[in-house]
Amino acid sequence: MGTSNVSATSDFILVGLFSYTGPHLVLFFLVATMFIIGLLGNTILIFLIATDSKLHTPMYFLLSQLSLLDVGFPLVTIPKMVAEFLQGENVITFGGCATQMFFLMLMGVSEGVLLSLMSYDRYVAVCHPLHYQVLMRSQVCLVMVGASWFSGALVASIQTSITLQFPFCASHTVDHFFCELPALLKLSCADTSAYELALSVSGVLILLLPLSLIFTSYGHVLGAVLLMRSAEARQKAFTTCSSHVAVVGLFYGAAVFMYMVPGSYHSPQQDNVVSLFYSLITPTLNPLIYSLRNKEVRMSLVKVMGRSDFREKQ
């Protein structure tokens with residue numbers, strides 16, 4: 001077939017996670033259950049933040065955007081994977097593959113930037129509480145959210161368009177359960193080494209710059225918390241910030257492994273596990289981490305459930 005770019009007229013075959021054996025069926029139902037739990041958890045959190053006036057604060061506004069991203073992440077991959085398993089057909093069109101890759105990258109980059117901005121919010125709240133209303137006013141929050149979505153869209157547009165320009169003239173079997181950039185590059189019959197190097201450099205900017213802001217912010221937060229005289233204030237600050245740190249660790253741990261560790265150092269099986277982790281497990285755990293460890297969210301949920309019970313009794 002030469003080196004002509006035939007990808008624009010060809011479909012791809014995705015290697016799914018499951019087979020029709022007992023253990024794989026159990027894993028399939030586990031993934032489906034986690035998908036439903038994550039979708040419900042994030043949707044409920046978005047609803048609570050939108051409807052409860054006590055949650056109309058910068059921190060919860062940013063958290064609602066995180067939940068919105070965590071709704072989108074599994075929606076892009078899991079329904080397609082489930083449909084393929086039930087139908088016994090793992091084909092995805094070129095357009096579908098491009099769409100998957102674009103939206104996954106958009107949400108991944110946006111979430112990384114948003115997490116760093118959320119750490120700045122906690123830094124201002126703990127270290128500069130008297131100036132919080134000014135430094136985190138609504139206009140600033142809107143700019144933060146806009147910057148996170150814009151950066152995600154920009155990176156996704158550039159990297160998706162470049163990746164899909166390479167000729168895929170060998171096997172069109174993607175050794176992955178969805179279309180992800182590293183897996184697609186392995187199918188190209190052109191020399192992608194220069195682009196992979198550029199990806200590693202961009203990975204430093206996309207991942208390490210926000211991560212450095214997070215470390216800097218929480219370094220200051222930790223110092224301020226240790227100096228607090230009130231045990232109650234110290235406990236509240238520690239609980240709120242530790243929830244965010246847990247989310248950061250889950251997300252960035254998987255992202256750094258996938259996009260900064262050279263492909264030769266991890267196998268397709270490891271890629272599948274890591275991708276499943278940040279595309280499903282992390283979005284499912286995020287609302288649980290924030291809601292179970294956050295008194296305001298729990299109280300809001302109890303209030304909504306109380307209203308529901310009252311209406312049923314009437």
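A salt bridge is absent between D175 and K186: the closest approach of a Lys/Arg side-chain nitrogen to an acidic carboxylate oxygen does not fall below 4.0 angstrom.
Within the 3.5 Å criterion, the main-chain N or O of S119 finds no donor-acceptor partner in the side chain of R122. Side chain of Q100 to main chain of V76: a donor-acceptor pair is present (N/O by atom type, distance under 3.5 Å, no hydrogens or angles). With hydrogens and angles disregarded, no donor-acceptor distance shorter than 3.5 Å links the side chain of S188 to the backbone of L185. No side-chain donor-acceptor contact under 3.5 Å links H176 to the backbone of A183. A donor-acceptor contact shorter than 3.5 Å links the side chain of H56 to the backbone of A50.
Taking the six-membered ring wherever Trp is involved, the centroid distance between the rings of Y218 and Y123 does not fall below 6.0 Å. Taking the six-membered ring where the residue is Trp, the centroids of F103 and F73 are separated by 6.0 Å or more. Between F168 and F94, a ring centre-to-centre spacing not shorter than 6.0 Å is recorded.
Here the closest heavy-atom approach between residue C179 and residue L184 is recorded as CB-CD1, 4.5 Å.
Under the 3.5 Å distance criterion, with hydrogens and angles disregarded, a donor-acceptor pair is assigned to the side chains of Y132 and D121.
A heavy-atom distance below 4.5 Å is not found between the side chains of L48 and Y60. Counting only heavy atoms from C-beta outward, the side chains of L301 and R298 never approach each other to under 4.5 Å.
Rounded to the nearest 0.5 angstrom, D11 CG and C97 SG are separated by 10.0 Å. Taken to the nearest 0.5 Å, the CG atom of L222 stands 12.5 Å off from the OG atom of S217. In this structure, OG in S279 is found 7.5 Å from CG in L104, a value given to the nearest 0.5 Å.
Side-chain heavy atoms closer than 4.5 Å link hydrophobic residues (I, L, V, M, F, W, Y) into clusters, and following such links, possibly through other members, connects I36 to I289.
Shown here is F47, whose CZ atom has no more than 12 heavy atoms of other residues, nucleotides or ligands within 6.0 Å.
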